[in-house]
Amino acid sequence: QVQLVESGGGLVQGGGSLRLSCAASGRTFGSYVMGWFRQAPGKEREFVAGVSRSGATTKYTDSVKGRFTISRDNVQNTVYLQMNSLRREDAAVYYCAAATTIAVITTAGAYDYWGQGTQVTVSS
């Protein structure tokens, strides 16, 4: 089992940057595929980015490609989401999640563990 705690959210002006972190407990962090999801008010939770267990493979939803970068540190048991050129439509609660799958999966239901979320607000 793994516990996930996100941090790094906040208020940022449009065009600005934020770096989200997700710290995981336990000694098996490297055995999980990690993902970032987001949920805006009135909308479904959507996949943002995912990274394989080794960090070698990443996936992004189309709207964030070229602006967001997911990475992980298996020594520090942490996954990051660097968000640049933020837009108002990026505003949401961002969740970190862990999956026991082999491949990077974009479906929320495939993830077994979730953090509590961190709010990202983008002003115009």
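Positions are given from 1, in the same order as the sequence printed here.
- The 12-atom threshold is exceeded at CD of Glu89, counting heavy atoms of other residues, nucleotides or ligands nearer than 6.0 Å.
- In this structure, the side chains of Gln116 and Tyr95 stay at 4.5 Å or more apart for every pair of heavy atoms.
- Side-chain N or O atoms of Thr61 include none that pairs as donor or acceptor with a backbone N or O of Val48 at under 3.5 Å.
- Under the 4.5 Å side-chain criterion, counting only non-hydrogen atoms from C-beta, Lys59 is in contact with Thr106.
- Between Ala110 and Ile105, the shortest heavy-atom distance links the atoms CB-CG2, 3.5 Å.
- Residue Gln3 qualifies as open at atom CD: its count of foreign heavy atoms under 6.0 Å is 12 or below.
- Taking CZ of Arg67 as the start and OG of Ser85 as the end, the distance is 6.5 Å to the nearest 0.5 Å.
- Val51 and Trp114 fall into different hydrophobic clusters, defined by Ile, Leu, Val, Met, Phe, Trp and Tyr side-chain heavy atoms under 4.5 Å apart, directly or through other members.
- The backbone N or O of Gly9 sits less than 3.5 Å from a side-chain atom of Thr118, completing a donor-acceptor pair.
- Of the possible polar contacts, one joining the Thr101 side chain to the Ala103 backbone as a donor-acceptor pair under 3.5 Å is found.
- Judged by the 6.0 Å and 45° rule, Arg19 forms a cation-pi pair with Tyr80.
- Here the side chains of Leu18 and Leu86 are in contact, with some heavy-atom distance below 4.5 Å.
- At least one side-chain heavy atom of Tyr32 sits less than 4.5 Å from a side-chain heavy atom of Val2.
- Arg53 places no side-chain N or O within donor-acceptor distance of the main-chain N or O of Gly30, the cut-off being under 3.5 Å.
- Considering all non-hydrogen atoms of both residues, Leu4 and Cys22 come closest at CB-SG, 3.8 Å.
- Aromatic ring orientation, Phe68 versus Tyr94: tilted (interplanar angle from 30° to 60°).
- Put simply, OG1 on Thr58 and CD1 on Ile70 are 7.5 Å apart, with the number rounded to the nearest 0.5 Å.
- In this structure a side-chain-to-backbone donor-acceptor pair under 3.5 Å is missing from Arg38 to Val120.
- Taking the six-membered ring for Trp, Phe47 and Tyr60 have ring centres at least 6.0 Å apart.
- Between Arg87 and Asp90, no side-chain nitrogen of the basic residue sits less than 4.0 Å from a carboxylate oxygen of the acidic one, so the salt-bridge criterion is not met.
- Counting only distance, with no hydrogens or angles, the side chain of Asp73 and the backbone of Val79 share no donor-acceptor pair below 3.5 Å.
- The minimum heavy-atom distance linking Ser21 with Thr78 is given by the pair CB-CG2, 4.3 Å.
- Nearest heavy-atom pair, Ser124 versus Arg88, reported as atom, atom and distance to 0.1 Å: CB-CD, 3.8 Å.
- Side-chain atoms of Asn84 and Ser17 include a donor-acceptor pair closer than 3.5 Å.
- In this structure, Asn77 and Ser25 have side chains that are not in contact, with every pair of non-hydrogen atoms separated by 4.5 Å or more.
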Full working for side chain to side chain contact (heavy atoms under 4.5 Å, CB included) between Met83 and Leu20:
CA-CA 8 Å; Met83 305 187 294; Leu20 304 184; 3.7 Å; yes
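- Considering all non-hydrogen atoms of both residues, Ala92 and Ala40 come closest at CB-N, 3.8 Å.
- Within the cation-pi definition used here (under 6.0 Å to the ring centroid, within 45° of the axis), Arg72 qualifies as a partner of Phe29.
- Of the possible donor and acceptor atoms, one in the side chain of Glu6 sits under 3.5 Å from a partner among the backbone N and O of Gly117.
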